[in-house]
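Lettering follows sequence order; numbering is per chain, from 1.
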2 protein chains.
Amino acid sequence: MMQGAVCHGVPAALLPTGVGRGPYAYQTFRDLIDAYRFDRPAGFTVKLEGEATATVYYLVSGWLVLSKSTANGHRQIVDVVLPGGILDPVSADACTSIVEIEPLTDVSFAAVPREDWHRMLSENPSITREIDIINRAAIARMFERMLRLGKGSAESIIAFAIYELHLRSTVLGMTDGYRLRIPMTQQQLGDFCGLSAVHVCRTLRRLKRHGVLEVTDHMDIRIRDIDALTEIAGIDPDALRQEIIPAA
Amino acid sequence: MMQGAVCHGVPAALLPTGVGRGPYAYQTFRDLIDAYRFDRPAGFTVKLEGEATATVYYLVSGWLVLSKSTANGHRQIVDVVLPGGILDPVSADACTSIVEIEPLTDVSFAAVPREDWHRMLSENPSITREIDIINRAAIARMFERMLRLGKGSAESIIAFAIYELHLRSTVLGMTDGYRLRIPMTQQQLGDFCGLSAVHVCRTLRRLKRHGVLEVTDHMDIRIRDIDALTEIAGIDPDALRQEIIPAA
DNA sequence: CGCATGAATTGATGCACGTCAGCGTCAGAC
DNA sequence: GTCTGACGCTGACGTGCATCAATTCATGCG
């Protein structure tokens with residue numbers, strides 16, 4: 001279970017960005033992914049901040065978070081990675097990882113040696129373009145999140161996080177209408193939004209009381225009033241979709 | 001002054017990342033930059049959020065900021081770009097700019113059509129690698145900033161911003177020892193740090209009173225106690241340098 | 001020179017957060 | 001069955017920061 005290709009040929013149902021979209025549409029890409037595929041259970045820390053790395057990760061299924069921590073124990077989740085996400089956790093010096101990578105669920109991913117990854121890219125310009133788009137989307141959503149981390153109330157950033165995760169999950173076919181299971185504790189959502197767990201709780205309850213959300217049992221969320229949610233988050237839904245959803 | 005190549009052959013003194021380092025070390029790259037070089041005075045907004053764009057920018061001299069705004073008038077500066085910085089202000093849909101670009105000083109930059117840019121990259125793998133490193137550094141410093149935007153006091157994020165800008169300026173040979181002229185108003189520094197201008201002022205004065213900084217006349221800063229500054233910012237200087245300084 | 005403008009400063013006030021501390025619930029271990 | 005540890009929830013309390021409103025200061029300009 002720990003090592004080796006666990007799955008020969010990725011089933012179509014797992015296509016991360018939909019059939020015929022994203023790098024997964026390319027056989028070359030799929031072959032490379034399959035060759036370096038791993039599975040890991042939730043809670044297994046893949047890579048620590050500061051560790052050396054020479055690997056590019058491609059997430060096939062499950063949720064991951066990338067986080068950084070301060071010396072005094074505070075932690076910020078800088079991105080949530082969903083299936084189809086690419087993760088090149090390397091700083092400017094090209095050998096040290098700058099983030100901690102933590103699975104929120106059981107995950108299946110490919111850990112591709114940087115060398116092989118770059119060889120594939122240089123030989124396949126069209127895959128390079130697809131991956132460029134994925135990276136761009138990641139940056140775009142980080143920009144949006146920074147805007148709400150800096151300015152913006154607890155309500156607005158939580159509303160944004162929920163909307164963002166719902167939107168991305170929906171595109172991946174992981175949601176059931178307006179229902180979304182976020183596999184994070186309130187503590188983790190707080191680390192994502194720059195809030196304390198206590199305040200996440202209060203804010204969620206307020207959104208619940210106002211009829212915006214329904215929150216049941218461990219972050220099982222149903223958006224009841226999406227207009228109110230986007231309003232609170234300060235989102236223009238069409239613009240946001242264009243920005244953060246890779247459209248090839 | 002508004003259009004055309006204003007400078008034939010970039011003088012060595014302008015080499016953004018130092019002699020023999022970064023993409024500027026390549027003649028091919030310099031030729032492309034020269035061909036699309038522009039100058040703009042401070043205050044001239046280059047590109048607005050939401051506008052269409054098909055251009056990659058390379059900053060040759062001066063300071064730029066990238067920012068996003070909310071509907072209710074709040075603004076977050078998501079990055080400060082220094083000479084040698086690359087700017088590909090495009091969202092996932094590959095045609096709309098997601099940020100506003102604003103020069104803080106007179107700037108000189110190249111606006112390279114996306115097509116030409118990508119042609120150069122595909123024909124020059126080593127330039128691609130250099131540029132990759134620059135982009136990685138930009139992401140690394142955004143991660144660090146997000147950490148302090150979310151958790152972290154006003155003191156810590158301001159200390160971090162000053163240290164970051166000082167470090168990057170020093171590498172570019174733009175500082176005079178521990179003195180650094182930041183061409184931003186306190187309002188802009190606040191937009192960068194997620195704080196109000198008033199609180200930036202108070203925080204700077206506190207740092208001043210405690211002997212950490214000397215602040216004179218419009219953001220002319222001298223770091224008097226760099227250990228205290230890194231301590232407040234929660235920085236490990238060596239690790240940070242590795243992370244955010246492109247070392248080719 | 002006086003005036004206008006835009007930035008930095010300072011004080012007063014209020015609130016949205018964090019922190020602490022306690023309680024309830026649930027799931028797993030045994 | 002009890003015990004234990006995570007997690008969610010809630011109330012009380014303190015504070016760091018935003019906001020509003022003056023005042024000062026620097027600069028440019030008629």
Choosing from [options], which nucleotide comes nearest the side chain of [X]?
X	options	answer
His218(B)	dA7(C), dC17(D), dT10(D)	dA7(C)
Asp217(B)	dT27(D), dC9(D), dC17(D)	dT27(D)
Ser153(B)	dA7(C), dC17(D), dC17(C)	dC17(D)
Thr185(A)	dC9(D), dA21(D), dC7(D)	dC7(D)
Val198(B)	dG18(C), dG11(C), dG8(D)	dG11(C)

Calculate the interatomic distance between [X] atom [atom1] and [N] atom [atom2]; express it in whole Å.
X	N	atom1	atom2	answer
Glu155(B)	dT15(D)	CD	P	16 Å
Lys208(A)	dG8(D)	NZ	P	12 Å
Leu189(B)	dA7(C)	CG	C1'	14 Å
Asp191(B)	dA7(C)	CG	P	12 Å
His74(B)	dA18(D)	NE2	C1'	9 Å
Gln186(B)	dC17(D)	CD	P	16 Å
Gln188(A)	dA6(D)	CD	C1'	12 Å
Asn72(A)	dT19(C)	CG	C1'	14 Å

request  = State whether the side chain of Arg145(A) and the backbone N or O of Cys193(A) hold a donor-acceptor pair below 3.5 Å, judged by distance alone.
outcome  =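 No; zero donor-acceptor contacts below 3.5 Å.
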task = Verify, without hydrogens or angle tests, whether Arg75(A) (side chain) and Leu147(B) (backbone) share a donor-acceptor contact under 3.5 angstrom.
result = no
query = Hey, does Met146(A) have a side-chain heavy atom less than 4.5 Å from the side chain of Met142(B)?
reply = yes
ask   = Is the closest side-chain heavy-atom distance between Leu240(B) and Tyr163(B) below 4.5 Å?
value = yes
query = Side-chain donor-acceptor pair under 3.5 Å between Gln187(B) and Asp191(B), yes or no?
reply =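 Side chains of Gln187(B) and Asp191(B): pair found under 3.5 Å.
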Checking all strands, does [X] fall into the base, sugar-phosphate, or nothing category for heavy-atom contacts under 4.0 angstrom?
X	value
Gly190(B)	nothing
Leu204(B)	nothing
Ser196(B)	base
Ala197(A)	nothing

query = Does the salt bridge (Lys or Arg N to Asp or Glu O under 4.0 Å) test come out yes or no for Arg206(B) and Glu155(B), once each step is laid out?
reply = CA-CA 9 Å; Arg206(B) 199 177 331 139; Glu155(B) 273 201 352; 3.1 Å; yes
inquiry  = With a 4.0 Å cutoff (strictly under), does any side-chain N or O of Gln187(B) reach OP1 or OP2 of dA7(C)?
reply    = no
remark   = Axis-to-axis angle for the helix from dC1(C)-dG30(D) to dC30(C)-dG1(D), ends of five pairs each, to 10°, equals 30°
note = Closest to the 5' end of DNA chain D, once Arg205(A) and Arg206(B) are matched to their nearest nucleotides, is Arg205(A)
In residues 171-179 of chain B, what donor-acceptor pairs under 3.5 Å come from side-chain atoms, sequence neighbours left out?
from      : atom 1 : to        : atom 2 : distance (Å)
Thr175(B) : OG1    : Thr170(B) : OG1    : 3.0
Arg179(B) : NH2    : Asp220(B) : OD2    : 3.3

task = Dump the intermediate steps for salt bridge (Lys or Arg N to Asp or Glu O under 4.0 Å) on Lys68(A) and Glu100(A), then the final yes or no.
result = CA-CA 6 Å; Lys68(A) 291 190 71 75; Glu100(A) 184 187 328; over 6 Å; no
message = At less than 3.5 Å, do the side-chain atoms of Arg202(A) and the base atoms of dG8(D) form a donor-acceptor pair?
response =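 A donor-acceptor contact between them is absent.
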